[in-house]
Each structure stands twice: as C-alpha cells, then as structure tokens.
Amino acid sequence: MIRPEFDAKYKEHLQRKIKELKKSCGALLVAHNYQRDEIQEIADIVGDSYALARDVKLAPEKTIVFCGVKFMAESAAMLSPEKTILLPVEEAGCPLADMATADKLRKKREQYPEAAVVCYVNSTAAVKAESDICCTSSNAIQVVKSMKEDKIIFVPDKNLGRYVREHVPEKELILWDGYCVVHMRLTREEVITTKQLYPGAEFIAHPECRREVLEEATYVGSTAGMLKYVGESPSEEFIVGTEPGIIYRMKRNNPEKKFYIPTDQFICANMKLTTLGWVARSLEKQIYKIEVPENVVKKARRTLERMIEVVK
Ligand code: 13P
Ligand code: SF4
C-alpha cells in the first residue's frame, strides 16, 4: 500500500536507489511477510520469522537490512554475529515481545523449578537468555513435544500457548499473560460476518488469534504456513486471519484466487513503520545497527540454536 500522493514514479525512484545502494555495499534486503507491498517487491528474501532467521545465517552477504521488527533483527544478529544487521526504523518494536521481562520470567521459574521454559521468538533477547529453547509459530508444537520435561512455561503469547497445549496434551503448559495486540482485535463475530459475505471462502488464521477465532478456521499456521496452504488448497477464495501484508504474496503466487480481510483493524503499525525512504536512509547511513549485550547474547543465542537443531 502506498499513499495516493506517493506516485509510481517516486516509488520507482526510491526502489532504484535502494537497489543501487544495496549493490554498492553488498547488502541483502530481507522482509517479513507483513511488510508493505513496495518493500516486498524489491526484497531479496521475504518470509516468516523462522525462515528469515535461518536464511540470514546462511546468506553470504555481510550486511543485512532487516525490514521487520526489532526482535526479528535481534534474532538474526545473535545467530549471525559476523554480520551487520540494520533495522531501518529504530522504534519498530513488538508489543507482544515487551509483555515479558527477564525479571518476571526468573520469578516464574522459581515458582516452577521443575519446568522448562519455551519462549516464542516474539520476545526480547533478555527473555530468550532466561529460557531453555526458542520456537516460532511454524514449529512451536514440534519444539514443545521435543522437551524432556513434562511441565513447560510458555512465554509470552497465551494464544499460541493455548493452541500448542491443545496439540500436545501430554505436557502441562503454564501460560504467560501476553498477547499480540493486533491478532487479539479480531473477534469471532467479525469472522462469522465475513463468512456470510463470502460463503465460498475458507477462513485461515494465525495461532496468535483468540481461541474462538481459531475454532472457525480450516487451517491454523504461521505466515509461511498460510501462504503454502492457500497454494495447495482447492478453494478459490480465502478470508485471511492475519496481518494483511501477507496478501501481497498470496495474490502474486495465486493470481486466480481471491483474498479477503475479516477486519480493517488488522494492521500491525510497527511492521508498517518501515517505508522505502527509511530503507534507503538505512543503507546510506548504515543505521540502525542491532547490537545485543554480550552477556545476553551467549545464553539467548543458545535458545535459537537449540530450536534450529530440533526442527532440522
Ligand atoms: P510468523 O512467524 O508466522 O511470520 O509470525 C510473526 C508475527 O509477528 C506474527 O504476528
Ligand atoms: Fe508483534 Fe503482533 Fe505485530 Fe506480530 S503482528 S509483530 S506479534 S504486534
């Protein structure tokens, strides 16, 4: 999406400028599935949280411009310490990640000394450092199943935690009271109304949505999982229960299919902070370099590496 006064010529000018800057400093441009269309158009890699962390590590480039939010750039920086990770907008954060602190997590651990801590990747580096293993929405069930402990403290997203609990009944999950402010906005009523408007459409959703919303879905998964599902399903129409940035690739990969949003309040403002102008500025000035304190990195990186070992 682009402002109306932001015409095609100017967009092309900025995109050309970014490509030139990228070439001159040998940088790789990566973007999360929720980024603006015009950023996805010129990104070298577009993906979900897991794919981006993994692909940045595998990439030969030494400078990465990470179009996403801070916890994603931090994870990439911890997994690829030899690279410079630039986040174009310094304040692009994630309210869900900020709902858990290392202090509170330490206290929770004292309450349940026999439990392991699984942290969703949407968490700060300091919280990751207090955890045993990390997970993303694409592998949370697999990660929890892999734990030897029967009791798991799952931090910080209670909706994803509840979804995992339903799929891994053999484990006792202690949930944190965190949630995504964007996915929590969607109600069951809105889903039902949209289904009535488009009776032929399948409803698919991200596990950060409320339980009663997930009950309405024929598929629940990460942004990459949803993208794969719409390509494989015989359905022609879909109601998409996640941030609408994902629809850019859904349409591009499936031009014959139709995609609808169940609410227009589904925008992740933090993801949308990144614009072409900020990306160009990031490359020009080589800002904002993501640096995680050394005492945190060591422990936090281990949780990410453990996740990669479990899912490979
Ligand atoms: P994915 O890992 O599914 O891309 O989700 C990231 C996210 O922030 C969802 O709100
Ligand atoms: Fe965070 Fe929610 Fe935005 Fe994802 S959609 S980055 S969880 S605020």
Side-chain angles (χ1 to χ4, degrees), residues 1-94 121 125 223-224 227 243 245-249 251-253 268-294 297 300-301 304 308:
M1 258 167 296
I2 213 129
R3 297 193 318 262
E5 71 274 24
F6 189 72
D7 70 18
K9 258 194 194 165
Y10 190 50
K11 179 181 106 168
E12 278 162 27
H13 158 74
L14 282 176
Q15 288 184 327
R16 211 174 315 114
K17 185 172 169 183
I18 290 169
K19 283 182 193 160
E20 284 164 12
L21 286 164
K22 220 161 54 91
K23 207 167 161 196
S24 69
C25 64
L28 184 78
L29 185 68
V30 304
H32 184 264
N33 286 322
Y34 295 160
Q35 288 288 296
R36 292 166 185 267
D37 295 3
E38 62 271 23
I39 288 183
Q40 296 195 41
E41 276 170 23
I42 53 159
D44 299 301
I45 303 175
V46 183
D48 69 355
S49 313
Y50 179 72
L52 294 180
R54 182 200 56 202
D55 293 352
V56 164
K57 189 172 159 63
L58 297 174
E61 286 82 359
K62 292 280 173 267
T63 302
I64 313 288
V65 180
F66 204 114
C67 301
V69 292
K70 194 169 176 196
F71 76 82
M72 295 180 178
E74 269 182 358
S75 298
M78 290 191 284
L79 281 170
S80 309
E82 72 292 356
K83 295 183 180 160
T84 300
I85 310 289
L86 303 175
L87 181 69
V89 181
E90 200 174 22
E91 60 272 30
C94 169
V121 71
T223 54
L227 202 58
E243 217 278 353
I246 185 78
I247 294 178
Y248 169 76
R249 281 177 87 203
K251 274 191 189 152
R252 205 196 54 189
N253 297 356
C268 174
N270 282 282
M271 282 283 179
K272 271 22 187 196
L273 283 174
T274 310
T275 60
L276 289 172
W278 283 100
V279 175
R281 183 172 176 269
S282 171
L283 278 158
E284 257 167 357
K285 298 188 183 287
Q286 295 286 293
I287 52 174
Y288 292 92
K289 286 194 176 87
I290 295 292
E291 273 153 11
V292 184
E294 206 39 54
V297 168
R301 181 191 296 140
L304 289 158
I308 293 174

Measuring from atom [atom1] of [X] to atom [atom2] of [Y], what distance do you get when rounded to the nearest 0.5 angstrom?
{"X": "Arg36", "Y": "Thr275", "atom1": "CZ", "atom2": "OG1", "answer": "6.0 Å"}
{"X": "Leu273", "Y": "Cys67", "atom1": "CG", "atom2": "SG", "answer": "12.0 Å"}
{"X": "Cys94", "Y": "Met72", "atom1": "SG", "atom2": "CE", "answer": "7.5 Å"}
{"X": "Leu79", "Y": "Lys57", "atom1": "CG", "atom2": "NZ", "answer": "5.5 Å"}
{"X": "Leu29", "Y": "Ile64", "atom1": "CG", "atom2": "CD1", "answer": "9.5 Å"}
{"X": "Thr63", "Y": "Lys289", "atom1": "OG1", "atom2": "NZ", "answer": "8.0 Å"}

List in chain and number order the residues that pass side-chain hydrogen bond (donor to acceptor under 3.5 Å, both in side chains) with [X], two or more places apart in sequence or in another chain; answer none if no residue qualifies.
{"X": "Gln15", "answer": "Glu41"}
{"X": "Tyr288", "answer": "Arg281"}
{"X": "Thr223", "answer": "Asn33"}
{"X": "Gln35", "answer": "none"}

Residues which pass salt bridge (charged side-chain N to carboxylate O under 4.0 Å, His left out) with Asp55, listed by chain and number, not counting sequence neighbours: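 For Asp55, no residue satisfies salt bridge (charged side-chain N to carboxylate O under 4.0 Å, His left out) once neighbours in sequence are set aside.
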For Lys17, what residues pass the salt bridge (charged side-chain N to carboxylate O under 4.0 Å, His left out) criterion, not counting sequence neighbours?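 Once residues adjacent in sequence are excluded, the partners of Lys17 under the salt bridge (charged side-chain N to carboxylate O under 4.0 Å, His left out) criterion are Glu284.
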Show every side-chain hydrogen bond (donor to acceptor under 3.5 Å, both in side chains) that has at least one partner inside residues 19-30, sequence neighbours left out.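 Counting only pairs at least two positions apart or across chains, the side-chain hydrogen bond (donor to acceptor under 3.5 Å, both in side chains) contacts touching residues 19-30 are Lys22-Asp44.
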Residue pairs involving residues 68-83 (criterion side-chain hydrogen bond (donor to acceptor under 3.5 Å, both in side chains); sequence neighbours excluded):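 Listed once each, the pairs would be none.
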Flag side-chain contact, heavy atom, 4.5 Å: Val69 against Met271: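 Sidechains of Met271 and Val69: in contact.
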Would you say that Gln286 contacts Leu86 through its side chain, given a criterion of any heavy-atom pair below 4.5 Å between the two side chains?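 A side-chain contact exists here, since the closest heavy-atom pair is under 4.5 Å.
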What is the minimum heavy-atom distance between [X] and [Y], and which atoms define it?
{"X": "Ala73", "Y": "Ile85", "value": "O-CG2, 3.8 Å"}
{"X": "Ala224", "Y": "Asp48", "value": "CB-OD2, 3.3 Å"}
{"X": "Ile290", "Y": "Ala77", "value": "CG2-CB, 3.9 Å"}
{"X": "Gly68", "Y": "Thr274", "value": "O-OG1, 4.2 Å"}
{"X": "Leu283", "Y": "Ala27", "value": "CD2-CB, 3.8 Å"}

Summary of ring-ring contact (aromatic ring centres under 6.0 Å, His included) pairs that have at least one residue in residues 19-38, sequence neighbours excluded: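 Checked against ring-ring contact (aromatic ring centres under 6.0 Å, His included) - neighbours excluded - the pairs reaching residues 19-38 are His32-Tyr34.
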Do any pairs count as a ring-ring contact (aromatic ring centres under 6.0 Å, His included) and have a residue in residues 44-79, sequence neighbours left out, and if so which ones?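 The answer is none; no pair qualifies.
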Applying side-chain contact (heavy atoms from CB on, under 4.5 Å), name anything that partners Glu294, two or more places apart in sequence or on another chain.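 Per chain and number, Glu294 pairs via side-chain contact (heavy atoms from CB on, under 4.5 Å) with Val297.
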For Ala300, what residues pass the side-chain contact (heavy atoms from CB on, under 4.5 Å) criterion, not counting sequence neighbours?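 side-chain contact (heavy atoms from CB on, under 4.5 Å) check on Ala300 returns Met78, Lys128, Ala129, Val296.
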Apply side chain to side chain contact (heavy atoms under 4.5 Å, CB included) to Ile42 and Val279, showing your working. CA-CA 11 Å; Ile42 53 159; Val279 175; 5.6 Å; no
